[in-house]
Number of protein chains: 2
Amino acid sequence: MDTITIKDIARALNLSTSTVSRALRDSYEINPETKRLVTEYAERFNYRPNSIALSLKENRSRVIGVIVPQIANNYFSQAINGIEAIAYSRGYYVIIFQSHESYEREIATVQQAVARKVDGLLISLSSSTSDVTHLRELQDRKLPIVLFDRVSKDLDTTFVTADNFGGAFAATEHLIQTGRRRIAHLTIPPYISITQERLAGYRAALEKYGIPYDEKLIQYTEFGQNDVEPFVDALLDQSPDAFFTASDRLAIGCLAALKKRAISIPETVSLIGFTNTPVADLLAPPMSTVEQPALEIGQMAAEQLINQIEGKQTGTQPGRITIPTRMIVRASSERTPAPHPLREQSSL
Amino acid sequence: MDTITIKDIARALNLSTSTVSRALRDSYEINPETKRLVTEYAERFNYRPNSIALSLKENRSRVIGVIVPQIANNYFSQAINGIEAIAYSRGYYVIIFQSHESYEREIATVQQAVARKVDGLLISLSSSTSDVTHLRELQDRKLPIVLFDRVSKDLDTTFVTADNFGGAFAATEHLIQTGRRRIAHLTIPPYISITQERLAGYRAALEKYGIPYDEKLIQYTEFGQNDVEPFVDALLDQSPDAFFTASDRLAIGCLAALKKRAISIPETVSLIGFTNTPVADLLAPPMSTVEQPALEIGQMAAEQLINQIEGKQTGTQPGRITIPTRMIVRASSERTPAPHPLREQSSL
DNA sequence: TTGTAGGCGTTATCAT
DNA sequence: ATGATAACGCCTACAA
């Protein structure tokens, strides 16, 4: 692509490159007339500083790398949206990488990001990542890293996550309060952080109401695999009276499976998912949801990372930042009044 | 971030930088022993060439810029997915920019992309862009540009779009063949290319079956504005017997509005949208859809752009590439047999 | 087989 | 007030 450089301007105006540079950078002591000449010429020929040369000189790229399991996903695309908003407002660009839920690809991708000279890394771990030494090494080499959503406690950085525990607790409690007691939980792979947090929230709610935890009511599915029917079948064998699913995809898959089996959803099942889709209103019955604050998570993560890059210590880091979730109740078929929670009972 | 350079290796091994460079690049005539030494050292200290320095030298960044109206959008995130797949496989990275449906931001964003030294640009125009001189200028300066989805005939490049005409035609024809005659069309802003193509497909189908075109059955909505209810109301005044909507968002909004008004959708309205969501099965009644080949459009666009960047003339360019759409019929309530198409009648 | 020098675009430092 | 020079990391003629 045809571009004009400082050199071109210098040649055209019979000046040295340093003078031109000074004129453009609005530096001290420069002849106003010279400056006018230079800026006018630059304007006219649409001069733009070569950011690559600048990066080389300043040893930084003003680019932050974002690594997500996949882009074409409601949650992550919203998070990226939040990341971009903050990044752009602070003068950074965003390069996006996908790990495709693969540990190997995550490693390769992180390498590429580093080779690309990103100033920092924003990562949501792939579902098959348990070992994070590839990230710890980079940290040791002083690369700023912030994790979001799918985090690992083995890494000593800032984490930004949704309040998965609280969200799952609220969802489960809502189901209990509308009279369900055998709440099936259809969830994602057990070895990622959010799964465990959500399970803990689910169990805590059961415990609060004195409902025994039955692990046969839990089914773990893989990502990428769209066929949730067998898992739903396995859960149906346990005669549940509600479903609590851990994602949009699972919620939709679950509803589809129930519909296919002509199980009268409105009467027997309340379904709550972590979701962002506005279609929840249109399903029959409407699906209550726990909304993931994807945008805010992205914004917060970006802000933390850029602070770290620019050496602004926020005081409390490295630490964990939790963004609240919001529950939207859409199910209308209440059954019995809520049983009195056992724990509160005994503490009163 | 701590990094090792060729210089460091040269110093450590008492060699010149050029020798090290040659050794690493597997260049001709080099002492095998020296080479071994260098590669081993590089391996051990995890040497990675500085891509910024390379970009400066080679005067190209191996980055392609993608400008979309918004990322957090099913369609565009899938398209980006396709773009990335191709780009990465051919050694390019992707920087994503959002125009937020604003002409001004699109211009600013294009400038940033250029300043960032992208090797080429992949653009889906903002809905408020009618003038494309900002792009034509760049083209004149030899920047490879490929448009996808939202294109403009005022620009002399490769376009990649879905078969909007064909998709709209198929949708409308399907509605006609299931007995509808007053088909409302709820669509997006009139001044973007895809709107016109879809409208043309709609009209062509009406014409084929001798149904008069009634412009009161057409309503244009803005992007970003989630409230489609007034538009649905305006259409309902025309007592339509079907809806053909131009996007997911409109389809969902339309269904929601109908539901709110307790209009018995299953009996009176078939709704067909351009969509990608798998929830269509779960709506009542299930919504037939014309699927947008977002992934393929992204892939094709990226391929075209990279060919252009690398100077591989594909022979036929600049031209228009159309990716077929696929219709999925989910509506089950057939009414009357299809009326015999007038045009075919007269031509037989 | 290896080293030297120059250049990609920019800016900071040190002359003049 | 302006110019010359060096440096960021890498590669490649050209020289040795």
Side-chain angles (χ1 to χ4, degrees), chain A residues 1-39 41-42 45-63 91 112 114-119 141-142, chain B residues 1-39 41-42 45-63 91 112 114-119 141-142:
Chain A
M1 162 163 198
D2 305 343
T3 340
I4 183 176
T5 74
I6 271 191
K7 237 183 207 169
D8 297 323
I9 303 182
R11 201 176 315 124
L13 264 43
N14 250 314
L15 291 168
S16 76
T17 56
S18 29
T19 305
V20 175
S21 173
R22 266 191 292 254
L24 291 169
R25 309 220 84 234
D26 207 14
S27 195
Y28 61 117
E29 314 185 13
I30 180 124
N31 188 325
E33 175 61 11
T34 313
K35 184 173 168 182
R36 199 185 53 75
L37 236 56
V38 170
T39 47
Y41 191 96
F45 290 92
N46 202 19
Y47 168 79
R48 291 280 176 278
N50 182 326
S51 66
I52 293 186
L54 278 176
S55 290
L56 182 61
K57 183 135 195 50
E58 298 176 358
N59 194 31
R60 65 152 172 189
S61 60
R62 286 200 163 278
V63 167
Q112 293 177 321
V114 171
R116 268 277 140 189
K117 294 273 151 189
V118 296
D119 288 345
R141 287 164 64 197
K142 311 270 191 327
Chain B
M1 167 167 192
D2 306 342
T3 341
I4 183 177
T5 73
I6 270 191
K7 235 183 208 170
D8 298 323
I9 302 182
R11 202 176 315 125
L13 265 42
N14 250 314
L15 290 169
S16 76
T17 56
S18 39
T19 306
V20 175
S21 173
R22 269 190 291 252
L24 291 171
R25 307 223 90 232
D26 206 15
S27 195
Y28 62 119
E29 315 185 11
I30 182 122
N31 188 324
E33 176 62 10
T34 313
K35 183 173 169 183
R36 197 185 54 75
L37 236 55
V38 170
T39 48
Y41 191 96
F45 290 92
N46 202 20
Y47 168 79
R48 293 279 176 277
N50 182 326
S51 66
I52 294 187
L54 277 175
S55 290
L56 183 60
K57 179 136 198 47
E58 297 177 359
N59 195 29
R60 64 150 171 192
S61 59
R62 286 199 163 279
V63 168
Q112 293 177 323
V114 171
R116 268 278 139 188
K117 294 271 151 191
V118 297
D119 288 345
R141 288 165 62 198
K142 311 270 192 330

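Below, read A as the first sequence line, B as the second, and so on, with proteins coming before strands; counting in each chain starts at 1. Quick caveat, the model's predicted, so the values are computed rather than measured.
Residues from residues 54-63 of chain B lying near DNA chain D, meaning a heavy-atom separation below 4.0 Å, are Leu54(B), Lys57(B) in numerical order. Taking a 4.0 Å limit (strictly below) on heavy-atom distances, residues 6-13 of chain B reaches DNA chain D at Ile6(B), Lys7(B).
Summarising the geometry, the separation between CD1 on Ile30(B) and C1' on dT12(D) is reported as 13 Å, rounded to the nearest angstrom. Distance CG (Leu24(A)) to P (dT2(D)): 13 Å, rounded to an integer number of Å. Between Lys117(B) atom NZ and dC8(C) atom C1' there is a gap of 11 Å when expressed in whole angstrom units. Look at CZ on Arg25(A): it is 9 Å from C1' on dT10(C), rounded to the nearest Å. Note: CE (Met1(A)) to C1' (dG9(C)) measures 16 Å, nearest angstrom.
Thr17(B) pairs by the side-chain hydrogen bond (donor to acceptor under 3.5 Å, both in side chains) definition with nothing, not counting sequence neighbours. With sequence neighbours left out, Arg48(B) forms a salt bridge (Lys or Arg N to Asp or Glu O under 4.0 Å) with no residue at all. Partners of Arg11(B) under the salt bridge (Lys or Arg N to Asp or Glu O under 4.0 Å) rule, at least two apart in sequence or in another chain, are Asp8(B). In terms of the side-chain hydrogen bond (donor to acceptor under 3.5 Å, both in side chains) criterion, residue partners of Arg36(B) (sequence neighbours excluded) are, by chain and number, Glu33(B), Glu40(B). Remark: Tyr47(A) pairs with no residue by the ring pair (Phe, Tyr, Trp, His ring centres under 6.0 Å) rule, at least two apart or across chains. Qualifying side-chain hydrogen bond (donor to acceptor under 3.5 Å, both in side chains) partners for Thr34(A), counting only residues two or more places apart in sequence or in other chains: none. Under the side-chain hydrogen bond (donor to acceptor under 3.5 Å, both in side chains) criterion, Asn50(B) pairs with no residue at all, not counting sequence neighbours.
Side-chain N/O atoms of Ser18(A) and base N/O atoms of dA4(D) include a donor-acceptor pair closer than 3.5 Å. Between the side chain of Arg22(B) and the base of dG3(C) there is at least one donor-acceptor pair of N/O atoms closer than 3.5 Å. With hydrogens and angles ignored, no donor-acceptor pair closer than 3.5 Å exists between the side chain of Thr17(A) and the base of dT10(C).
At the heavy-atom level, Leu15(A) lies under 4.0 Å from the strands shown only through sugar-phosphate atoms.
Between Tyr47(B) and dG9(D), a side-chain N or O to OP1/OP2 separation shorter than 4.0 Å is absent. Neither OP1 nor OP2 of dT2(D) sits under 4.0 Å from any side-chain N or O of Thr19(A). For dC8(D), the OP1/OP2 oxygens have no side-chain nitrogen or oxygen of Asn50(B) closer than 4.0 Å.
Donor-acceptor pairing under 3.5 Å is recorded for the side chains of Ser16(B) and Thr19(B).
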Checking salt bridge (charged side-chain N to carboxylate O under 4.0 Å, His left out) for the pair Asp119(B)/Arg60(B): CA distance, chi angles, key distance, verdict? CA-CA 6 Å; Asp119(B) 288 345; Arg60(B) 64 150 171 192; 5.2 Å; no
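Taking every side-chain heavy atom of Ser16(A) into account, dA4(D) is the closest of dG9(D), dA4(D), dT10(C).
Residue order along DNA chain C, read from the 5' end via each residue's closest nucleotide, puts Asn14(B) first among Ala53(B) and Asn14(B).
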